[in-house]
Asks: 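Sharing a structure here in structure tokens format.
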Amino acid sequence: MTKYNMLSDDDLLRLIKMGDKDAEEYLIIKYTPLVNSEVRTMFLVGAEIEDLAQEGMIGLFQAIRDYSEESNASFSTFAYRCIKNRCMTAITSANRKKHSPLNTYISIFYNDDDADGDEKYIVSDEGINNPESLYLRREKIEKMYEEMEMKLSFLEKKVVEFYLEGLSRREIAERLGKSEKSVDNALTRIHNKLKD
């Protein structure tokens, strides 16, 4: 991935829009320390730091998807705002108890009982400049996507897609023409399928 070291964020984003997955992975890895440093200063009632880091990563994905070169801000500023806003929204919602499941939800992507700490490895900045660590992280991410592709039904894949876009259960249900209970059941199935 060293070929991306010399590229600006704008250049990387252009490559990502053309479908370059390596450029996207490089940008995600580059900005993961920003997510980690931001969530260390926050507290989400009833949740672990990894839960808040997951919210921050969703904010980073949204920044990559939504950034426009025509905006008045640099990508780093835009990403910072998206990460912070996503985390603050989660905290505000938890404090209002409007979405009480947010305080008790289980990550649909990682097995919390995993003894080797894969979930921490994917969202941490540990070994960020180590080629071996980068390769192993990439393998884990690819494996996660492969498992999702193989194990999830069409409905479950759509639920994950909307979940990553930051939609609430109610919004996902409305988009899919399903009940909120169906969405909750799908999220439970997704979690169970991916933790095995």
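This is a predicted model, so every value here is computed, not measured.
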Asks: Once rounded to the nearest 0.5 Å, what's the spacing between atom OG of Ser182 and atom CZ of Arg189?
Replies: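 Between Ser182 OG and Arg189 CZ, I get 8.0 Å after rounding to 0.5 Å.
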Asks: Are there more than 12 heavy atoms of other residues, nucleotides or ligands under 6.0 Å from atom NZ of Lys17?
Replies: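 Result for NZ/Lys17: enclosed.
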Asks: Is the shortest heavy-atom distance from the side chain of Val183 to the side chain of Phe162 under 4.5 Å?
Replies: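 Side-chain contact under 4.5 Å: no.
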Asks: Do you know which two heavy atoms are closest between Ser74 and Thr77, and how far apart they sit?
Replies: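 In terms of heavy atoms, the two residues are closest at OG-OG1, 3.1 Å.
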Asks: Would you say NZ of Lys178 has more than 12 non-hydrogen atoms from neighbouring residues, nucleotides or ligands within 6.0 angstrom?
Replies: no
Asks: Below 4.0 angstrom, N of the basic side chain to O of the carboxylate: do Asp184 and Lys181 qualify?
Replies: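 Here Asp184 does not pair with Lys181 in a salt bridge, since their nearest N and O are not under 4.0 Å apart.
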Asks: For the pair Asn85 (side chain) and Arg81 (backbone), establish whether a donor and an acceptor sit closer than 3.5 Å, ignoring hydrogens and angles.
Replies: yes
Asks: Flag the pair Lys151 and Glu156 as a salt bridge only when some basic side-chain nitrogen lies within less than 4.0 angstrom of an acidic carboxylate oxygen.
Replies: no
Asks: So, Thr32 side chain and Ile28 main chain: donor-acceptor pair closer than 3.5 Å or not?
Replies: yes
Asks: Between Tyr31 and Phe75, does the ring centre distance come in under 6.0 Å?
Replies: yes
Asks: Looking at every non-hydrogen atom in both residues, tell me the closest pair between Ile29 and Pro33 and how far apart they are.
Replies: O-CD, 3.3 Å
Asks: Kindly give the heavy-atom pair with the smallest separation between Ala79 and Leu60, and that separation in Å.
Replies: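 Heavy atoms of Ala79 and Leu60 come nearest at CB-CD1, 4.3 Å.
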Asks: Check whether any side-chain heavy atom of Tyr4 lies under 4.5 Å from a side-chain heavy atom of Leu27, and answer yes or no.
Replies: no
Asks: Is it true that Met18 and Leu12 fall in one hydrophobic cluster, defined by side-chain heavy atoms closer than 4.5 Å?
Replies: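 In one cluster: yes.
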Asks: Kindly give the heavy-atom pair with the smallest separation between Leu15 and Ala23, and that separation in Å.
Replies: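 Shortest heavy-atom separation between Leu15 and Ala23 comes out as CB-CB, 3.9 Å.
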Asks: Do the charged groups of Arg175 and Glu171 touch, with an N to O distance under 4.0 Å?
Replies: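 No.
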Asks: Is Glu180 salt-bridged to Arg169, going by a charged N under 4.0 Å from an acidic O?
Replies: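 A salt bridge is absent here (no side-chain N lies under 4.0 Å from a carboxylate O).
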Asks: Are any non-hydrogen side-chain atoms of Asp66 and Phe78 less than 4.5 angstrom apart?
Replies: yes
Asks: Indicate yes or no: does Asp9 engage Lys30 in a salt bridge with an N to O separation below 4.0 Å.
Replies: yes
Asks: Looking at side-chain heavy atoms only, is the closest gap between Lys158 and Leu176 below 4.5 Å?
Replies: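 Yes - at least one pair of side-chain heavy atoms lies under 4.5 Å apart.
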Asks: Can you name the closest pair of heavy atoms from Glu38 and Tyr80 and give their distance?
Replies: OE1-CE1, 3.1 Å
